[in-house]
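One is the number of the first residue; the rest follow in order along the sequence. Note that the structure is a prediction, hence the values are computed from the model and not measured. What you see below is based on every heavy atom in this structure, not just the backbone, and it leaves out hydrogens, waters and symmetry mates.
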Amino acid sequence: MNGFQDIARQSARGLGFLGLVVLVGAALALAEPRFLSTASLNGVARHMAANGLAALGLTFVVIVRKFDLSISGVAAFTAMSMGTVIAAGAPLWLAVAAGIAIGAVIGLISGTAISRFGLPDIVTTIAVGSICAGMAFLYTGGRSIFQNFFQVGITDLNDARLLGLGVSLWILLAVYAVAWFVMQRTRTGMAFYATGENPVAAHFSGIATRRYIALAYVLCAICTVLAVLLILAESGNAETNKGANLMMPAYAGVFLGAAILGGTSVLATLGGILLITMLLDGFSLMGVPYYYSDGVISLILLAGVLAFSDTARGYLAGLAAVRALRRARSGGKA
């Protein structure tokens, strides 16, 4: 019976999410008809790919109940590092490997500091991110790097298409498919969730919780590198501000997806980042200033959490029950 109720609840959430996507799409199309044009939808797919990869990395960190605020700094440092390797005439695969290796080391430093030495996650990742951003300026001088970008083929990641869809979107779907399998069908995924739900119980069950927390930060940094790679492919150059706008949409996607679909998961993040990217691109198409769009998305995020969160709904239901009880008591006295 409980299994049937869970399926019914998940189905209702899934239908609610699809309805919300249609509603948001229709509202944006009414406000700006160009939103449904081919060029606009291709733009949504490209931006969703970059935002989605960054959000996937955060998903691992949020599942173990931590935060990572170093994304912007990691993005800046690895963007300039990959740009430097490309400018030196190295093949693309070597630049990507270098970026992933650097990102993994940065994530390992943050993860080890937090899991092994017990440093606070927010303070640690802010510090690591600031150091990375400073290093990006220090060794590149803050200049734009564009040499060999077209010759090495990185822009093909943005322009090439497969079965009618951009390659960047296929990369996103492939990475999410692997992540979904690991998190939902393997012991590694179960260990991640157990570490986040109850680290003490997970530790005494034989799960190396510190290792999984550190691994979450490593995966987050690697996903950030992949997101930055797609941004470099779209812009055709490397600058220190590449990836500076990744963090807010990524967090919004993770938490909005979790609120709508009933918990943090790979699929919930994919759904959340789809909605967030639609809104961001729609606002951009309408010419809404970024400070207004950030505010609107934050409000929608809060509304989504309140509307779909079981905790919030339970709290509101409790308040309603208390009010009903008080009314009944006052009516009895009268």
Side-chain angles (χ1 to χ4, degrees), residues 17-55 58 69 71-72 75-76 79 133 142 144 146 149 154-155 157-161 164-169 171-172 224 227-257 259-260 269-308:
F17 166 74
L18 292 177
L20 191 57
V21 170
V22 172
L23 184 63
V24 170
L28 291 173
L30 286 174
E32 175 52 74
R34 291 181 299 166
F35 179 74
L36 293 181
S37 67
T38 302
S40 172
L41 294 179
N42 286 335
V44 171
R46 283 199 306 273
H47 299 152
M48 179 184 168
N51 292 336
L53 288 171
L58 282 178
L69 302 181
I71 288 180
S72 299
S144 175
F146 56 85
F149 265 64
I154 187 174
T155 53
L157 296 175
N158 184 66
D159 300 331
R161 305 183 70 80
L165 299 176
V167 169
S168 58
L169 185 60
I171 293 174
L172 174 77
T224 301
V228 168
L229 175 66
L230 297 183
I231 293 174
L232 297 185
E234 183 176 8
S235 63
N237 62 52
E239 296 176 342
T240 51
N241 63 353
K242 296 301 183 190
N245 297 323
L246 278 176
M247 191 161 66
M248 193 275 179
Y251 266 113
V254 171
F255 286 110
L256 182 59
I260 295 174
T269 296
L270 185 64
I273 208 66
L274 170 62
L275 279 171
I276 293 297
T277 306
M278 287 173 63
L279 289 169
L280 285 174
D281 278 34
F283 289 150
S284 177
L285 205 60
M286 288 186 283
V288 176
Y290 73 90
Y291 40 86
Y292 286 133
S293 61
D294 284 353
V296 170
I297 286 179
S298 298
L299 288 174
I300 291 174
L301 174 62
L302 285 174
V305 171
L306 289 174
F308 294 97

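The distance from atom CG of Leu229 to atom CD of Glu234, rounded to the nearest 0.5 Å, is 12.0 Å.
Closest heavy-atom contact between Ala233 and Asn158: O-CB, 3.5 Å. Ala50 and Leu230 make their closest contact through N-CD1, 4.1 Å (heavy atoms, listed as atom of the first residue, atom of the second, distance). Between Val44 and Met278, the shortest heavy-atom contact is CG1-CG, 4.4 Å. In terms of heavy atoms, Ser168 sits closest to Ala49 at O-CB, 3.5 Å. Closest of all the heavy-atom pairs between Met48 and Leu274 is SD-CD1, 3.8 Å. In plain terms, the two heavy atoms of Val228 and Ala79 that are nearest each other are CG1-CB, 3.4 Å.
Contact annotation: the side chain of Arg161 never approaches that of Val167 to less than 4.5 Å [non-hydrogen atoms, C-beta and beyond]. For the pair Leu275 and Ile260, the minimum side-chain heavy-atom distance is below 4.5 Å. A 4.5 Å side-chain heavy-atom check between Leu41 and Thr38 finds every atom pair outside the cut-off. Counting heavy atoms from C-beta outward, Leu157 and Leu232 have side chains that stay 4.5 Å or more apart. A 4.5 Å side-chain heavy-atom check between Phe17 and Val22 finds every atom pair outside the cut-off. With a 4.5 Å cut-off on side-chain heavy atoms, Arg46 and Leu169 do not count as touching. Between Ser72 and Leu246 there is no side-chain heavy-atom pair separated by less than 4.5 Å.
With hydrogens and angles ignored, the 3.5 Å screen pairs no side-chain donor or acceptor of Ser40 with any backbone N or O of Leu36. A side-chain donor-acceptor contact under 3.5 Å links Ser235 to the backbone of Ile231. Between the side chain of Glu32 and the backbone N or O of Arg34, at least one donor-acceptor pair lies under 3.5 Å.
Residue-environment remark: CG (Asn245) stays at or below the threshold of 12 foreign heavy atoms within 6.0 Å.
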